[in-house]
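What's counted below: heavy atoms across the whole structure, side chains too, no hydrogens, waters or symmetry copies. Just so you know, ligand 1 is whichever comes first in the structure, and atom 1 is the first atom listed for that ligand. Computed from a prediction, not measured in an experiment: that's the story for all the values here.
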Amino acid sequence: MKRILIVGNGAREHVLAETLKHSPQECSLAVFAKASNPALKALATEYHVGNSLSDFEALRTFVGHFNPDFAVIGPENPLADGIVDFLAAMNVPSVGPNQILAQLESSKSFARDLLTKYEIPGNPEFKVFTGAEGIKEFMNKLGGEYVVKADSLKGGKGVKLSGEHLDSIEDGFTYAMECIESDGRVVVEEKFVGEEFSLICFSDGKTIVPCPMAQDHKRAFEGDTGPNTGGMGTYSDANHLLPFLTQDDFDAAMHINQRVVDALKEETGQAFIGFLYGGFIAVKNGVRLIEYNARFGDPEAMNMLSLLKSDFIEICEAMIHGRLEQLNIEFERKATVLKYVVPEGYPDNSVKNEQIGLHPLPEGAKAYFASVDEREGHLYLLGSRAVAMVGHGETLEEAEQIAQAAAETISGPVFFRKDIGTAELIQKRIDHMAKIRN
Ligand code: GLY
């Protein structure tokens with residue numbers, strides 16, 4: 001019986017746990033969490049709720065008691081804080097990069113500089129600033145179309161774009177100076193026009209194996225309006241590409257991911273073990289890198305892992321031991337659509353501690369719990385994204401109908417984006433890409 005530690009408590013960790021449990025190998029799971037998650041708890045033999053996922057003293061006690069064979073790390077913050085190094089010192093290997101390698105996500109300038117140094121394609125025109133000098137000039141050089149990226153992790157709120165969050169060069173400069181004040185540096189870069197997509201790979205530091213590609217929807221409301229969120233939903237297609245991308249786009253993104261894993265090895269002498277999440281954008285003449293994450297995506301993990309046919313415990317062990325090239329990893333050839341059901345008021349003024357009702361799901365649907373708690377047999381909203389509803393189908397149309405029907409089964413003060421995965425929205429993406437490329 002394998003003993004596996006999972007760090008985190010959202011829907012991503014729910015699907016990680018479910019996929020480990022689906023392995024033909026038996027396992028017992030312990031979850032190190034900072035909030036309750038009744039579905040994850042039901043899969044675990046031990047569930048610790050503390051104040052922080054980076055409370056390493058509490059982790060030491062939990063790990064000492066559970067004695068895991070390995071750990072799977074969900075979110076970015078503990079990775080950035082060195083949880084993998086801490087666990088390694090306790091002889092627990094992890095699926096997740098150590099602190100140095102996790103800089104790929106936790107320092108935007110580290111990622112950009114790595115691509116430049118190793119001549120990897122995909123970077124925009126960019127500059128890293130540590131003081132005021134030259135910032136406005138560079139923004140002007142970019143034609144006033146720029147992106148300002150806080151260097152460190154900011155929970156998805158560190159990136160601001162001209163024309164969307166910043167109305168002038170002066171606004172951009174003010175935000176860039178705030179970033180310098182907080183992190184000592186800031187990245188200012190060219191703004192891309194195109195369609196974004198995620199290409200997440202299993203990595204053992206040498207070999208990378210792609211998961212089906214997916215497109216996330218950041219904005220809270222239909223038609224891509226409203227504030228940015230952690231992601232309101234995602235879709236993936238039965239052929240594992242996306243309807244607005246070509247095989248060449250996939251090959252270009254895979255090439256960048258492989259070169260980055262190789263460059264990390266050369267730069268640090270260490271193997272990137274875990275989930276390498278390339279956030280890309282297809283543009284007029286190819287593919288560019290928006291940013292890297294050093295972990296599985298949320299929501300993407302639910303689209304991808306719910307399709308995995310191969311033994312996930314074997315994949316995790318292969319990542320840890322550098323044996324990925326020996327595996328034949330397969331995903332079902334089905335389309336998926338995911339709609340996150342979130343509290344009214346999300347993301348800025350979410351209702352909390354209100355009861356929601358979960359009713360029987362349509363066939364082909366799966367529910368993954370995120371920010372919900374169970375009290376006396378009832379589910380309550382905790383304030384962030386609540387339940388991810390995933391539909392599987394032979395086509396995107398079928399998967400969308402199932403996800404939509406599943407999301408509608410939740411009663412209470414919640415909402416979700418009805419447009420995610422619809423034929424209309426996907427056609428818009430295809431038309432947008434065609435217009436840009438012609
Ligand atoms: N899909 C967005 C994220 O995982 O950060």
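For Tyr340 and Asp298, the side-chain atoms include at least one donor-acceptor pair closer than 3.5 Å. Side-chain contact check for Thr116 and Asp113: no donor-acceptor pair (N or O, by modelled atom type) lies under 3.5 Å. Residues Asp216 and Thr234 bring no donor and acceptor atom of their side chains to less than 3.5 Å of each other. Using a 3.5 Å distance cut-off with no hydrogens or angles, the side chains of Tyr118 and Glu267 do pair a donor with an acceptor.
Every protein residue with a heavy atom nearer than 4.0 Å to ligand 1 is included here: Asp216, Lys218, Gly230, Tyr277, Asn293, Arg295, Gly297, Asp298, Pro299, Glu300.
Here the side chain of Thr229 pairs a donor or acceptor atom with the backbone of Lys218 at under 3.5 angstrom.
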Legend entry - Evaluation steps, salt bridge (charged side-chain N to carboxylate O under 4.0 Å, His left out), between Arg295 and Glu76: CA-CA 6 Å; Arg295 55 172 170 85; Glu76 61 274 27; 3.1 Å; yes

